[in-house]
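Quick notes on the structure that follows.
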2 protein chains.
Amino acid sequence: MKEQVITDLKKILGPRWVDDDLERVEQYSKDHTLQSYGLVAPAPAGENLVVKPGNTREVSEVMRYAYARNLPVIPRGAGTALASNSVPSQSSIILSLERMNRVLEVDDVNLVVTCEAAVSLGDLIGYLKGKDKLYFPLHPGDEGAQVGGMVAMNAGGVRAVRHGVMRDQIRGLEVVLPDGEIIQTGGKMGKLAKDNAGLNLMQLLIGSEGVLGIITRAMLKVYPEPSYTATLIASFARRSSAFRAVPRLIKEGIMPMAVEYVERDQIITTARDLGKEWPAKEGEGDLIIIMAEKSEDDFYSLANGIDKICTEEGATDILMADSAEEQKEIIEIRSHILPAIEDQIVDSPDITVPRSKLEEILDFLDSLAEKYRTRIPVLAHAGDGNLHTFIIKENGQVPSFYEELKEAMYKKTLELGGTITGEHGIGSLRRGELNLQFSDRELEIMWGIKKVFDPKNLLNPGKKVFPPHTGKNL
Amino acid sequence: MKEQVITDLKKILGPRWVDDDLERVEQYSKDHTLQSYGLVAPAPAGENLVVKPGNTREVSEVMRYAYARNLPVIPRGAGTALASNSVPSQSSIILSLERMNRVLEVDDVNLVVTCEAAVSLGDLIGYLKGKDKLYFPLHPGDEGAQVGGMVAMNAGGVRAVRHGVMRDQIRGLEVVLPDGEIIQTGGKMGKLAKDNAGLNLMQLLIGSEGVLGIITRAMLKVYPEPSYTATLIASFARRSSAFRAVPRLIKEGIMPMAVEYVERDQIITTARDLGKEWPAKEGEGDLIIIMAEKSEDDFYSLANGIDKICTEEGATDILMADSAEEQKEIIEIRSHILPAIEDQIVDSPDITVPRSKLEEILDFLDSLAEKYRTRIPVLAHAGDGNLHTFIIKENGQVPSFYEELKEAMYKKTLELGGTITGEHGIGSLRRGELNLQFSDRELEIMWGIKKVFDPKNLLNPGKKVFPPHTGKNL
């Protein structure tokens with residue numbers, strides 16, 4: 001990055017908050033995608049620069065400066081994304097929001113918590129703990145993820161069955177536009193339950209992966225804290241039975257926090273890897289059902305309902321873990337599935353299908369694995385039809401059949417009414433695959449919207465949207 | 001409308017489905033706004049034409065034709081809107097979706113009902129009744145409202161406390177774009193619980209009031225049917241106590257279907273107008289709390305919780321109506337508040353504030369009423385901070401202070417973190433008021449998005465979005 005730019009940005013932010021140290025810039029040029037899969041290479045560190053504004057006004061000033069000089073800017077949260085969503089693909093200013101990490105207010109009348117962008121999920125959970133008996137339910141996995149990034153990515157995770165995804169938690173946003181203008185959605189306080197004025201820019205910004213604006217503040221719904229929690233493990237001889245049980249639960253009004261499906265082989269291997277033992281032994285796989293209720297009555301009514309339906313659908317064994325320790329161990333093993341195989345993975349498409357199509361897509365993945373003589377481990381958010389599939393290396397390398405297998409997986413997913421990404425978004429990694437899902441006209445509209453917000457294409461360029469009729473990496 | 005256009009459209013749709021009969025066209029040129037308030041005048045009937053396509057392909061063909069010839073098109077549902085949202089302001093083709101009125105599927109695994117655009121809310125409720133014990137919870141008031149219009153308007157209503165607004169019910173849409181292209185959101189079946197591919201056009205189309213595309217089909221969430229229902233009336237000596245009770249209910253995890261606030265004088269007068277008696281007598285006003293639960297246990301637990309909190313907050317009397325007949329009578333009286341005064345009203349802004357600001361805005365409205373020596377009757381969706389305010393005629397005419405009062409109301413609303421419309425949308429009626437709420441840059445973005453979808457500005461022109469820096473009626 002040119003010396004003049006560094007000097008100018010130091011004037012705006014103070015010298016301490018502009019960093020061109022090669023080693024540190026390199027760290028900021030990666031996200032979780034790169035560290036594990038290495039499919040997308042960032043621009044060389046020497047061409048980038050890290051800036052750390054301390055407040056919204058400073059974010060705005062940096063944007064105003066960069067916009068006037070046509071400098072690309074990459075907004076960055078915790079870098080926990082999995083589709084190269086914040087990796088610079090050209091010489092860029094990396095704008096880290098890390099200093100903006102305060103919880104500003106817990107409003108227990110409107111039930112809204114106001115966070116700066118870099119409040120981490122873990123910090124938010126900790127902050128709310130015990131406070132007015134309120135809590136934030138979403139849990140996309142990595143508690144290092146930051147609120148701004150979770151909004152920009154429309155994060156999901158295991159707990160979407162009852163509460164939905166990040167989109168469903170947002171009352172308001174403060175956003176810095178590419179030209180530096182600051183806007184506020186959801187009214188001046190970001191606390192509106194209903195708003196039909198104008199086109200809904202907030203809904204467009206949620207999940208836009210930092211290509212339309214920089215989320216600097218988010219107003220999120222909070223809920224009454226559940227007092228009674230437990231985790232059920234229901235084992236099924238066949239996964240088809242497990243998948244029949246899930247919609248029946250929801251249809252009966254039994255809404256657990258989470259309904260996960262794990263395959264028997266994989267969860268046992270994972271537990272062994274941790275030096276632990278998975279409590280269920282029989283059958284093809286288990287449903288892991290996380291319950292959290294406010295009253296003891298509600299809790300037992302829920303547990304009984306789940307037990308009844310799973311048994312009717314042929315569960316061979318149902319275990320309930322209600323001590324904090326047992327529950328923690330189950331979640332620990334479940335959460336270790338990915339780390340246990342991470343160094344063997346080249347890619348993990350998070351395809352999503354209608355809940356009714358889960359068995360069909362899993363059968364298809366089995367047939368693909370057989371065809372390519374590989375294995376395709378899968379984690380299933382069974383309540384949402386959302387899969388994490390893992391494409392495994394061949395002799396430590398990207399396998400020869402990688403592109404072919406991925407395309408077959410996507411095509412089947414789309415044929416079944418699915419999407420190529422339910423959670424991780426498009427980033428740079430899947431941008432070239434958008435045309436499998438969308439028509440040229442749809443891509444033209446998305447690209448047109450990008451240009452309305454960012455006519456110079458400076459904010460997180462090369463991500464999320466792809467212009468139609470061209471392979472150009474804009 | 002030119003003879004050639006009539007001839008051409010008859011070729012596309014068949015002669016029966018193109019109507020230029022003056023009297024009938026005039027009916028289609030009005031909506032509920034005009035009938036009651038008369039603030040916006042439609043283009044003369046002689047300049048318009050009504051077409052009634054029977055399926056999505058025909059909607060697409062009409063749009064393709066109109067787009068090629070630069071003819072404005074006004075999509076039309078039931079015409080129950082309240083802000084001139086489907087009134088032609090220039091010579092137009094009025095595209096009524098009325099023939100597309102079939103419920104196509106109830107999917108009890110994904111819990112999704114697929115409706116054509118003109119399925120009315122009443123028909124949907126009737127269709128689902130008893131079917132697989134599923135139901136659709138939203139109730140924006142008029143059961144004649146059609147699904148397509150409810151999506152285009154992001155309808156709300158009394159039952160948003162538990163289930164949210166229309167936006168929260170939508171899994172997928174089929175939409176015809178201004179140039180006739182058909183797109184499908186939420187995957188090919190419109191049944192996805194998670195989708196992060198591309199910019200979310202579906203969220204942008206919801207609530208876009210027919211300026212970006214024509215909703216031809218909607219895939220909506222359905223829920224387990226509640227078996228136990230009752231309506232509580234809690235009377236409070238002061239409305240401030242009522243408004244303190246509401247957030248406490250929600251914070252305790254007590255989520256009724258609806259929490260309405262009615263003022264004592266008004267509800268008593270309304271009941272009298274119907275020749276009935278309102279059961280509560282004492283205090284400034286009542287909370288009407290609608291409960292609907294799946295099990296008897298849940299129901300009693302909810303009712304006890306409500307009773308306890310309302311009593312603690314000073315409710316002087318709590319009545320429970322649990323027979324179908326009593327409940328119907330309460331809802332009938334509550335629903336009659338608007339009809340009872342409709343001929344006295346010139347306008348009914350549906351301002352919305354954060355729940356915590358309800359009392360402040362109501363006190364302000366009282367002071368406004370006093371200042372202008374008028375009364376401002378109010379209905380409050382107290383759980384959502386959403387008010388229906390009624391500006392009353394002066395000697396049967398638009399009062400001299402109308403503009404002044406409205407502007408003061410809007411400014412205070414915005415100052416308190418509110419929006420000028422929580423439910424009714426912008427239409428033609430409030431388009432000129434968007435600049436009170438949004439900056440020029442925001443309006444520029446909205447207008448830019450409109451142009452991306454509809455470069456010729458032919459679809460429902462003159463509604464919803466307003467170009468910045470100009471008073472031109474585009």
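Lettering follows sequence order; numbering is per chain, from 1. Owing to the predicted nature of the structure, the values given are computational and were not obtained by experimental measurement.
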Exercise. Given a strict heavy-atom distance threshold of 4.5 Å, which part of M202(A) is in contact with chain B: side chain, backbone, both, or neither?
Worked result: neither

Exercise. For chain B, which of E209(A), K450(A), Q437(A) has the most heavy-atom pairs under 4.5 Å?
Worked result: Q437(A)

Exercise. Does atom OH of Y135(B) have more than 12 heavy-atom neighbours, drawn from other residues, nucleotides or ligands, at distances under 6.0 Å?
Worked result: yes

For this session: Apply side-chain hydrogen bond (donor to acceptor under 3.5 Å, both in side chains) to E105(A) and list each qualifying residue two or more places apart in sequence or on a separate chain.
Result: K191(A)

Exercise. V161(B), D384(B), L205(B): which one forms the most heavy-atom pairs within less than 4.5 Å of chain A?
Worked result: D384(B)

Exercise. Contact part of L416(A) toward chain B, heavy-atom cut-off under 4.5 Å: side chain, backbone, both or neither?
Worked result: backbone

Exercise. Distance from E444(B) atom CD to F453(A) atom CZ, nearest 0.5 Å?
Worked result: 11.0 Å

For this session: State, yes or no, whether a side-chain contact exists between R248(B) and V109(A) at a heavy-atom distance under 4.5 Å.
Result: no

Exercise. Side chain, backbone, both or neither: which part of K133(A) has an atom under 4.5 Å from a heavy atom of chain B?
Worked result: neither

For this session: Name the region of I445(A), side chain, backbone, both or neither, that has any atom closer than 4.5 Å to a heavy atom of chain B.
Result: both

Seminar exercise, completed: Rounding to 0.5 Å, atoms CG (L199(B)) and CD1 (I206(A)) come to a distance of 12.5 Å

For this session: Just give me the residue among V246(B), I250(B), D168(B) that pairs up with chain A most often, heavy atom to heavy atom, under 4.5 Å.
Result: I250(B)

For this session: Could you check which of R171(A), M153(A), M189(A), E225(A) has the highest count of heavy-atom pairs closer than 4.5 Å to chain B?
Result: M189(A)

For this session: With a 4.5 angstrom heavy-atom cut-off, could you sort out which part of Q184(B) is near chain A: side chain, backbone, both or neither?
Result: backbone

Problem set entry | Which portion of E423(B) sits near chain A, non-hydrogen atoms under 4.5 angstrom | both

Exercise. In terms of heavy-atom pairs under 4.5 Å, which option from P354(A), G425(A), G187(A) contacts chain B the most?
Worked result: P354(A)

For this session: Quick one: pull up OG in S295(B) and CD in E252(A) and give me the separation to the nearest 0.5 Å.
Result: 11.5 Å

Problem set entry | N154(A) side, atom CG; D195(B) side, atom CG - distance, nearest 0.5 Å | 9.0 Å

Exercise. From S439(B) OG over to L177(A) CG, what is the distance, rounded to the nearest 0.5 angstrom?
Worked result: 8.0 Å

Problem set entry | Best-contacting candidate, G253(A), G198(A), S208(A), against chain B by heavy atom pairs under 4.5 angstrom | G198(A)

Exercise. With a 4.5 Å heavy-atom cut-off, do N200(A) and L204(B) have their side chains touching?
Worked result: no

Problem set entry | Option that, when pairs with chain B are counted at under 4.5 Å, heavy atom only, ranks first among D298(A), D132(A), D107(A), L134(A) | D132(A)

Exercise. Checking heavy atoms, do the side chain of R244(A), its backbone, both or neither come under 4.5 Å from chain B?
Worked result: neither

For this session: Among the options A193(B), G422(B), G448(B), pick out the one with the most heavy-atom pairs lying under 4.5 Å from chain A.
Result: G422(B)

Seminar exercise, completed: Given L201(B), L434(B), I420(B), V353(B), the one with more heavy-atom pairs under 4.5 angstrom with chain A than any other is L201(B)

For this session: Output yes when a side-chain donor or acceptor of N386(B) lies under 3.5 Å from a complementary backbone atom of K194(A), and no otherwise.
Result: no

Exercise. Can a salt bridge be assigned to the pair K188(A) and E415(B) using a cut-off of 4.0 Å between side-chain N and carboxylate O?
Worked result: no

Exercise. So which of G164(A), G418(A), G207(A) has the biggest tally of heavy-atom pairs under 4.5 Å with chain B?
Worked result: G418(A)

Exercise. Got a donor-acceptor contact below 3.5 angstrom from the N196(A) side chain to the I426(B) backbone?
Worked result: no

Problem set entry | Approximate separation, where rounding is to 0.5 Å, of K251(B) NZ and N110(A) CG | 12.0 Å

Seminar exercise, completed: Contacts of F243(A) meeting ring pair (Phe, Tyr, Trp, His ring centres under 6.0 Å) (sequence neighbours excluded), chain-then-number -> Y261(A)

For this session: Below 4.5 Å from any heavy atom of chain A, which atoms of V222(B) appear? Answer side chain, backbone, both or neither.
Result: neither

For this session: Report the option among V165(B), V112(B), I183(B) that has the most heavy-atom pairs separated by less than 4.5 Å from atoms of chain A.
Result: I183(B)

Problem set entry | Part of D350(A) lying under 4.5 Å from any heavy atom of chain B | neither

Exercise. Does any heavy atom of chain A fall under 4.5 Å from the side chain of I449(B), the backbone, both, or neither of them?
Worked result: both

For this session: Would you check if D108(A) and P247(B) make a side-chain contact, meaning some heavy-atom pair closer than 4.5 Å?
Result: no

